[in-house]
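Hydrogens, waters and symmetry mates play no part in the numbers below; they use all other heavy atoms, side chains included. One is the number of the first residue; the rest follow in order along the sequence.
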Amino acid sequence: IDCNYAPEGTWLLLLKHVDTIVDEEGYSNWGIRSPDTIPDTPGVFCANQWLFKTDLYVRMQKAGKHLVLVNQQPYPTHAYMTDTDRQARADLEWALANYLLVKYAHTYFWFGGSQQFGHSIVEQREELANLGRPVGDMRPYQFVYVRRFTRGMALVNPSTVAPVTVALKMGRYEDLYGQTVNRVTMPPHSGLVLVTTKSTQRSRP
């Protein structure tokens with residue numbers, strides 16, 4: 001579902017006849033190196049490719065469709081490579097944060113190298129994060145998009161050019177690597193997944 005190929009009306013006409021959408025493009029643009037993410041720039045049939053795709057996925061799932069997001073990368077992947085590979089870590093967090101923005105009852109996530117799907121899953125530790133249940137839909141927040149969960153949040157900066165600094169409640173969140181996050185600058189085209197700190201979780205009734 002990409003507004004470079006067809007207008008929204010064409011996609012909606014086709015989607016009436018399917019139960020499950022399997023998106024091989026994902027948010028990683030098929031794993032093509034340049035560009036390797038879905039940009040927020042205009043497409044042939046829309047003003048913002050990233051927002052078009054994301055909004056349409058939310059609406060389709062609310063209408064009962066299932067979604068499989070395939071996020072191929074332009075390099076071979078192996079299990080737990082994000083422990084040491086910073087590029088893979090950034091790519092995974094971008095894909096994972098976007099997935100969390102559009103996740104509903106039947107939404108599925110895959111991350112790996114080009115054409116590696118169909119083989120064994122290359123699990124990464126970040127995929128085990130427990131954010132609990134979503135609290136509402138995604139929304140704009142301090143020039144990024146955020147979706148809150150009962151045990152954390154997902155943030156996406158879809159801009160191709162602008163970094164964004166986001167201020168968060170002091171001591172409430174930590175990143176997927178155990179670091180407390182109060183103020184963070186998100187580079188262009190980046191995702192961030194945060195979980196509530198253990199002390200915050202214990203303080204809840």
Side-chain angles (χ1 to χ4, degrees), residues 1-16 18 20-74 87 90-104 106-111 114 131 134-149 152-168 184-194:
I1 297 181
D2 187 320
C3 62
N4 277 320
Y5 304 111
E8 181 174 349
T10 302
W11 289 116
L12 294 177
L13 179 65
L14 294 170
L15 291 173
K16 290 179 181 178
V18 303
T20 301
I21 304 162
V22 180
D23 182 1
E24 191 178 357
E25 180 187 60
Y27 280 92
S28 61
N29 196 28
W30 290 293
I32 298 170
R33 172 53 72 187
S34 181
D36 59 355
T37 52
I38 301 300
D40 68 337
T41 53
V44 178
F45 298 103
C46 69
N48 183 321
Q49 296 174 68
W50 179 87
L51 191 58
F52 171 87
K53 184 185 191 85
T54 303
D55 278 343
L56 191 52
Y57 276 155
V58 170
R59 284 186 280 132
M60 288 297 94
Q61 290 183 94
K62 287 185 174 183
K65 305 299 181 183
H66 301 179
L67 175 63
V68 181
L69 282 174
V70 176
N71 289 282
Q72 301 178 82
Q73 305 305 315
Q87 184 61 57
D91 292 338
L92 173 61
E93 204 158 13
W94 160 264
L96 189 60
N98 277 286
Y99 157 76
L100 290 167
L101 291 189
V102 301
K103 176 177 172 55
Y104 289 86
H106 299 285
T107 318
Y108 306 96
F109 175 83
W110 185 92
F111 175 89
S114 178
L131 271 67
V135 181
D137 298 331
M138 75 160 190
R139 61 182 180 87
Y141 177 75
Q142 297 187 37
F143 301 102
V144 299
Y145 285 84
V146 65
R147 192 177 188 197
R148 297 182 184 275
F149 292 76
M153 66 166 63
L155 303 98
V156 171
N157 176 14
S159 171
T160 55
V161 295
V164 178
T165 298
V166 180
L168 301 164
V184 62
T185 298
M186 297 183 66
H189 262 209
S190 64
L192 182 63
V193 180
L194 302 176

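- Contact of the Lys103 side chain with the Pro134 side chain is not registered, since no non-hydrogen atoms from C-beta on lie closer than 4.5 Å.
- Scanning all heavy atoms of the two residues, the minimum distance from Gln73 to Asp91 falls at OE1-CB, 3.4 Å.
- Counting heavy-atom neighbours within 6.0 Å of Tyr108 OH, excluding the residue itself, gives a total above 12.
- No side-chain heavy atom of Cys3 sits less than 4.5 Å from a side-chain heavy atom of Glu8.
- In this structure, Trp50 has its ring center closer than 6.0 angstrom to the ring center of Tyr145.
- How far CG of Leu12 is from CE of Met60: 5.0 Å, rounded to the nearest 0.5 Å.
- Residues Met138 and Val156 are not in side-chain contact: their nearest non-hydrogen atoms beyond the backbone lie 4.5 Å or more apart.
- No side-chain heavy atom of Leu155 sits under 4.5 Å from any side-chain heavy atom of Gln142.
- For Phe109, the side chain to side chain contact (heavy atoms under 4.5 Å, CB included) partners at least two apart in sequence or on another chain are Asn71, Leu92, Ala95, Leu96, Tyr99, Phe111, Glu127.
- Remark: Val102 pairs with Tyr27, Thr54, Tyr57, Val58, Gln61, Leu67, Leu69 by the side chain to side chain contact (heavy atoms under 4.5 Å, CB included) rule, at least two apart or across chains.
- Residue Met153 comes nearest to Val146 through the heavy atom pair SD-CG2, 3.9 Å, listed as atom of the first residue, atom of the second, then distance.
- Every side chain to side chain contact (heavy atoms under 4.5 Å, CB included) that Asn4 has, sequence neighbours left out, goes to Asp2, Val44, Gln49.
- With Lys65 contributing its side chain and Leu15 its backbone, the two residues share a donor-acceptor pair below 3.5 Å.
- For the pair Leu131 and Val193, the minimum side-chain heavy-atom distance is below 4.5 Å.
- A heavy-atom distance below 4.5 Å is not found between the side chains of Glu93 and Ser190.
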